[in-house]
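Scroll down for the structure; my scribbles are underneath it.
Owing to the predicted nature of the structure, the values given are computational and were not obtained by experimental measurement. In what follows, chains carry the letters A, B, and so on, assigned in the order in which the sequence lines appear, proteins first and then strands, with residues in each chain numbered from 1.
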Amino acid sequence: MSVRTRFAPSPTGMLHIGGARTALFSYLFARRHGGKFLLRIEDTDRERSTPEAIRVILEGLAWLGLSWDEEPVYQSRRAARHLEIAERLLAEGKAYRCYCTKEELEAMREEQRRRGEKPRYNGRCRHREDHPEDRPFVIRFKAPLAGETVVNDLVLGRVSFANAELDDLILVRSDGTPTYNLAVVVDDHDMGITHVIRGADHLSNTPRQIQIYEALGWQVPAFAHIPLILGPDGAKMSKRHGATAITEYREQGYLPEAIVNFLARLGWSHGDQETFTMEELEQLFDLGSVGKANARFDPKKLDWLAGWHMRRADDARLAELVKPFLARIGVDEAALARGPELVALMPLLKERAKTLVELAELAKPFYRAPEDYDEKAVKKHLRGAAWELLARFVQEAEALKDWNAEALHALIRRICEEAGAGMGKLAQPIRILLTGRAVSPPIDATLALIGREESLRRLRAGMRRLQS
RNA sequence: GCCCCCAUCGUCUAGCGGUCUAGGACGUCGCCCUCUCACGGCGAAAACAGGGGUUCGAGUCCCCUUGGGGGCGCCA
């Protein structure tokens, strides 16, 4: 039987970093085995589900490159089928009507907690014979009372639960709507899901779901519960830890392949290999190499991976991707048209950037003259002999035959040698006047790309402004 | 409180009884390269949570303790 996995987010918020990884693992497992990766939107929480959240989740998955097969299934549209199954269970005596009120249940739980027990339904209505017509009821699953239910987890191994620990869970609410545990089982079955890959926070639901499968006589899928992602401090990921939504990383200019690589290595490993492309992951991923322990989110490692993928990214693609980020900082299409080809800058800049935001910052000086100058840099480099060297440079550069990196490099070197100074004595002043900062690609390349006219104009303007 | 899961450098991890004087990567700290920043190269510090077993032999198997995490809804 061919593999079918699914990602089943509830659209009550954003696509969380943890959800993204669950989706990634499900996707990779399906691809690796030549199977299908499906989507199911669990939008049965009538109040909290929003179309906006659905859009954001689908967009996030697409951005990461997690393409799904077949049309997404909307759980809310399948209520009739869920209810049909509940009725079947009822008819077969595997479920029953429970007339207990929420207040009664709360009191029951309170009492159990007080006695140090695990709060759970005590089965009061289990053997009830009467069916009061006028009272609201829920449908409960008649769970086995003795024995144990075993989960043979692909990541965790054998996990067993005493059936006595599991109570009769609600399948259908008093308002007639199906609950999660019923819906997942029915949907996973109907969708032909062979492998349920989800966060370890679902582990305790699993024995109950297995019991439902068994009551229905359905094939139980394989389960794989993957460890959770914790914040850098070991606590549950929250806004306090910075970005938790996948969209925030896109906003910050991270390349999707960097996020994918990072997420994949959080919990999964392949020997000593750290860097992976999506193609490699689709070849190599397996559940057996997924660790059991929770992992902490390490932003430093993400940044390193981001730089690694940036350096290897295609120049033309980067040039396109960086445009919106340039626009944000005042470099529009018109400005781009006046400067060098964006794509020509990429080999120089991508070496120095981890994100598209940084890439845009680095590109900006090639299209706009500095508005101000880094104060510390000015104090450090623009003093004493710098002005004389600059003056000589401007003078000679004006007459330079070929305005290219090689010629400029030779000129700067000559001037410095003649003055008995290191190249930095001239390169840094030029850099600051050209870009406003002490950091840029090699000075000869920077000058060459900015061009003779604009370079000289900036140098003169800077000298006028700062040489007091 | 009860149930379940987990436990190797600060972090992600390799390790699937002997090849471990515990390997890699990020980060950190040196040094080199160098016109700046990066990249790159070299090197260093840094871990098997604790205690019992099993075994000729335990990071690797079992138990306990401790610590972390998850769950205990008419949420998903």
Roughly how many Å is it from [atom1] in [X] to [atom2] in [N], rounded to a whole number?
X: A:Lys292; N: B:G68; atom1: NZ; atom2: C1'; value: 16 Å
X: A:Met237; N: B:U11; atom1: CE; atom2: C1'; value: 14 Å
X: A:Asp201; N: B:G68; atom1: CG; atom2: P; value: 20 Å

OP1 or OP2 of [N] versus the side-chain N and O atoms of [X]: is any pair under 4.0 Å?
X: A:Arg109; N: B:G73; value: yes
X: A:Arg311; N: B:G40; value: yes
X: A:Thr12; N: B:A76; value: no
X: A:Thr44; N: B:A76; value: yes

Dump every N/O contact between nucleotides 25-35 of chain B and the protein below 3.5 Å, one line per pair.
{"residue": "B:C26", "atom": "O2'", "partner": "A:Lys300", "partner atom": "O", "Å": "3.4"}
{"residue": "B:C26", "atom": "O2'", "partner": "A:Lys301", "partner atom": "N", "Å": "3.3"}
{"residue": "B:C35", "atom": "O2", "partner": "A:Arg431", "partner atom": "NH2", "Å": "2.3"}
{"residue": "B:C35", "atom": "N3", "partner": "A:Ile443", "partner atom": "N", "Å": "3.2"}

I'd like the [atom1] distance from [M] over to [N], given in whole Å.
N: B:G73; M: B:C63; atom1: C1'; answer: 36 Å
N: B:A49; M: B:C42; atom1: C1'; answer: 34 Å
N: B:C4; M: B:A44; atom1: P; answer: 46 Å

Got a salt bridge between A:Asp233 and A:Arg296, using NZ or NE/NH1/NH2 to carboxylate O under 4.0 Å? no

Under a 3.5 Å limit on both distances, the Watson-Crick or wobble mate of B:G40 is B:C32

Let's test your reading of the model: under 3.5 Å, does the base of B:C4 pair with the side chain of A:Ser204 as donor and acceptor? no

